[in-house]
Amino acid sequence: MTDPIGARTAFEREVCSCFGVMPNFFCSASAAPGLIEELWAFAKSAYLDSPLPSLFKERLFVHLSRSVRFATALSAMSGF
């Protein structure tokens with residue numbers, strides 16, 4: 001994001017602290033207040049806070065992305 005760090009919301013600071021950047025996925029629902037925060041809560045519980053090993057999650061993601069018919073599926077599903 002181009003905003004100075006002090007202008008970011010607590011939500012944006014939390015996401016950036018996990019990923020280092022603000023993924024476009026979390027910038028796409030500005031017209032629906034509260035939706036982005038719920039998507040973040042889901043992403044945290046389903047992926048970040050999951051007890052599964054990181055390598056397993058990464059390999060699962062790659063395997064599932066291969067089963068999608070479109071070549072852009074990997075970049076679209078990653079949200080960056």
Test side chain to side chain contact (heavy atoms under 4.5 Å, CB included) on Cys18 and Leu48; report intermediate values, then the result. CA-CA 9 Å; Cys18 282; Leu48 298 174; 4.3 Å; yes
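Interatomic distance, OG1 of Thr9 versus CE of Met22, reported as 6.5 Å (0.5 Å rounding).
Here side-chain hydrogen bond (donor to acceptor under 3.5 Å, both in side chains) pairs that include residues 31-53, with residues two or more places apart or in two chains, are Glu14-Trp40, Glu14-Lys44.
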